[in-house]
Peer 1: 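Here's a structure for you.
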Amino acid sequence: MIDDLILDAFVRLLRDSITPATVRQIDSGKNPERIWSSVVESGYLDVLLSESRGGAGISLAGFCPLVTAVGEYLFPLPIVETMLARAVFDKAGITFPAELFVGILPVSGAESVAAVANAVLTREGSALVVRPVSERSTGAFGLGKSFVDYSVDPMYSVEENSLDLLACGAALTAAKIAGGLSKVLEMSLLYVSQREQFGRSLSNFQVIQHRLAVAAEHVVAVNLAARIGLSGDEFHRGRVAVAKTRASEAVPEICGMAHAVHGAIGITEEYDLQLYTRRLREWQLCYGSDSYWARCLGELRLEASLKSTPDFVRSELQEQGEECE
């Protein structure tokens, strides 16, 4: 797992460089170079590289808490995607310039999943390529980001690389969802403890206690699922399917709970809750929805020669379970 000192310093970096106001500014099109400079100076972009190459040599399991923290703080730039891309290309002897922040584009036409980036990692045949983004448009409130032109010549290319970009993006997004949902639950708990209705704190109403308890169960399950998705030595489709399915299923449940207990204030542009729930709704669909990954998981089960589903589950999760012992 990851060293606590590495994780604590990373969380401080996110907390110091990102505020809700910063997220709003970048969503509205503000240049993100200043924020990215703080990331570059921190040295975290190479955290997945081996220690001999100047990194921390952490595994996918160790990477999970970093990705979850990115979701918790709504870091609006593709920091974890860039970390992964740098590690993949470093193995081929290619080093990216520090100013390059890379979004993952698994298939043509899925531009919105790459968020704010100045380059995209995509696949062309058996090769992974990085192409610069020369122009992009932004939808309302910063959502629906769409890259208009990334058709210029590739900057870097690695031949015969089997990295599954869709599974990779789904696993990272599931971990971000885990962080975002944890924050939404925290905001909801704080709100109901401070708000009074009919002379009583909202936290004393049984119906609200019930909804918060159910939401907490979802958050625990999603965090565990995210750890399953980011385990082993590669992005295993079965484990990723578990992670993204469970994470995406929980989004409408917890977002609905949060807006129900907050009431009308939760949907106002000035209130921070909607920053999280809008982003979570976007992540819910990014890199495959819950129905897509549930179908993938079902197909894997049908293709397996194992006689029982419990045996199939143990087989799929065995590597993750050993890492967590």
Peer 1: Hey, does D311 have a side-chain heavy atom less than 4.5 Å from the side chain of R314?
Peer 2: yes

Peer 1: Is R86 reaching over with its side chain to a backbone N or O of F96, donor-acceptor style, under 3.5 angstrom?
Peer 2: yes

Peer 1: Give the minimum heavy-atom separation between A170 and V240, together with the two atoms involved.
Peer 2: CB-CG1, 3.7 Å

Peer 1: Measuring from R237:CZ to C296:SG, what's the distance to the nearest 0.5 Å?
Peer 2: 5.0 Å

Peer 1: Determine whether W36 and L100 satisfy the following criterion, side chain to side chain contact (heavy atoms under 4.5 Å, CB included), listing intermediate values before the conclusion.
Peer 2: CA-CA 9 Å; W36 192 252; L100 204 65; over 6 Å; no

Peer 1: Do other residues, nucleotides or ligands put more than 12 heavy atoms under 6.0 Å from Q206 CD?
Peer 2: no

Peer 1: Kindly indicate, with the supporting measurements, whether the criterion side chain to side chain contact (heavy atoms under 4.5 Å, CB included) is fulfilled by L273 and H259.
Peer 2: CA-CA 8 Å; L273 177 65; H259 281 291; 3.8 Å; yes

Peer 1: Do V242 and L297 come within less than 4.5 Å of each other through their side chains, counting heavy atoms only?
Peer 2: yes

Peer 1: For the residue pair E253 and E249, what are the closest heavy atoms and their distance?
Peer 2: CG-O, 3.7 Å

Peer 1: Answer yes if L7 and L49 sit in the same cluster of Ile, Leu, Val, Met, Phe, Trp and Tyr residues linked by side chain heavy atoms under 4.5 Å apart, and no otherwise.
Peer 2: no

Peer 1: If two hydrophobic side chains count as joined below 4.5 Å and joins carry through other members, does L189 share a cluster with I265?
Peer 2: yes

Peer 1: Is there a side-chain contact between S37 and V40 (heavy atoms, below 4.5 Å)?
Peer 2: no

Peer 1: Do the charged groups of K176 and E282 touch, with an N to O distance under 4.0 Å?
Peer 2: no

Peer 1: Starting at CZ of R131, measure out to CG of N118 and round the result to the nearest 0.5 Å.
Peer 2: 15.5 Å

Peer 1: Parallel, tilted or perpendicular: which describes the rings of Y156 and F89, with under 30° parallel and over 60° perpendicular?
Peer 2: perpendicular

Peer 1: Looking only at atom types and distance, does a side-chain atom of Q274 sit under 3.5 Å from a main-chain N or O of E269, one as donor and one as acceptor?
Peer 2: yes

Peer 1: Give a yes or no on whether R195 atom CZ has more than 12 heavy-atom contacts from other residues, nucleotides or ligands under 6.0 Å away.
Peer 2: no

Peer 1: Considering only NZ, NE, NH1 and NH2 on the basic side and carboxylate oxygens on the acidic side, decide whether R24 and D27 come within less than 4.0 Å.
Peer 2: no

Peer 1: Do I267 and I254 land in one hydrophobic cluster if side-chain heavy atoms of ILVMFWY residues count as linked below 4.5 Å?
Peer 2: no

Peer 1: Would you name the heavy atoms of A178 and A226 that are closest together and state the gap between them?
Peer 2: CB-CB, 4.2 Å

Peer 1: Using modelled atom types only, decide if a donor and an acceptor are shared between the side chain of S157 and the backbone of V129 within a distance under 3.5 Å.
Peer 2: no

Peer 1: Which distance, rounded to the nearest 0.5 Å, do you find between the CG of L202 and the NE2 of H262?
Peer 2: 10.0 Å

Peer 1: Would you say L5 ends up clustered with V67 if hydrophobic residues are merged whenever their side chains have heavy atoms under 4.5 Å apart, either directly or through other cluster members?
Peer 2: no

Peer 1: Please name the pair of heavy atoms, one in L77 and one in P32, separated by the smallest distance, quoted to 0.1 Å.
Peer 2: CD2-CB, 3.6 Å

Peer 1: Is the shortest side-chain N to carboxylate O distance from K183 to D272 below 4.0 Å?
Peer 2: no

Peer 1: What closest approach, in Å, do L128 and N161 show between heavy atoms, and which atom pair accounts for it?
Peer 2: CD1-OD1, 3.2 Å

Peer 1: If hydrophobic clusters are built from ILVMFWY residues whose side chains come within less than 4.5 Å, do M257 and V207 share one?
Peer 2: yes

Peer 1: Under the criterion side chain to side chain contact (heavy atoms under 4.5 Å, CB included), I'd like the reasoning laid out for F205 against V261: C-alpha separation, chi angles, the key distance, then a yes or no.
Peer 2: CA-CA 11 Å; F205 287 87; V261 302; over 6 Å; no

Peer 1: For the residue pair S162 and R123, what are the closest heavy atoms and their distance?
Peer 2: C-NH2, 3.6 Å

Peer 1: Can you list every side chain to side chain donor-acceptor pair (under 3.5 Å) pair that touches residues 62-76, not counting sequence neighbours?
Peer 2: none

Peer 1: Would you give the length of the straight line joining atom CG of L163 to atom SG of C168, rounded to the nearest 0.5 angstrom?
Peer 2: 5.0 Å

Peer 1: Determine yes or no for a side-chain-to-main-chain donor-acceptor pair under 3.5 angstrom, with S193 supplying the side chain and L190 the backbone.
Peer 2: yes

Peer 1: Out of curiosity, L285 CG to L280 CG, how far, rounded to the nearest 0.5 Å?
Peer 2: 11.5 Å

Peer 1: Do H218 and L181 touch side chain to side chain, with heavy atoms closer than 4.5 Å?
Peer 2: no

Peer 1: Answer yes or no: is there a donor N or O on one side and an acceptor on the other, between the side chain of W293 and the main chain of S248, under 3.5 Å?
Peer 2: no

Peer 1: So, do F101 and V39 sit near enough that their side-chain heavy atoms are less than 4.5 Å apart?
Peer 2: no

Peer 1: Can you tell me if T277 uses its side chain to pair, donor with acceptor, with the backbone of C255 under 3.5 Å?
Peer 2: no

Peer 1: Quick one, N223 and S182 - any side-chain contact, counting heavy atoms below 4.5 Å?
Peer 2: yes

Peer 1: Can you list the steps and then say if I79 with L66 is a side chain to side chain contact (heavy atoms under 4.5 Å, CB included)?
Peer 2: CA-CA 10 Å; I79 180 173; L66 299 182; over 6 Å; no

Peer 1: How many angstroms lie between CD1 in I18 and CD1 in I35, if you round to the nearest 0.5 Å?
Peer 2: 4.0 Å

Peer 1: Quick one: are T309 and V313 in side-chain contact, heavy atoms under 4.5 Å?
Peer 2: yes

Peer 1: Answer whether the closest heavy-atom distance between the side chains of L60 and F235 falls below 4.5 Å.
Peer 2: yes

Peer 1: Please determine whether a side-chain nitrogen of the Lys or Arg among R53 and D46 lies less than 4.0 Å from a carboxylate oxygen of the Asp or Glu.
Peer 2: no

Peer 1: Measure from the side-chain N and O atoms of S42 to the backbone N and O of L13, and report whether any donor-acceptor pair falls under 3.5 Å.
Peer 2: no

Peer 1: Measure from the side-chain N and O atoms of Y44 to the backbone N and O of M83, and report whether any donor-acceptor pair falls under 3.5 Å.
Peer 2: no

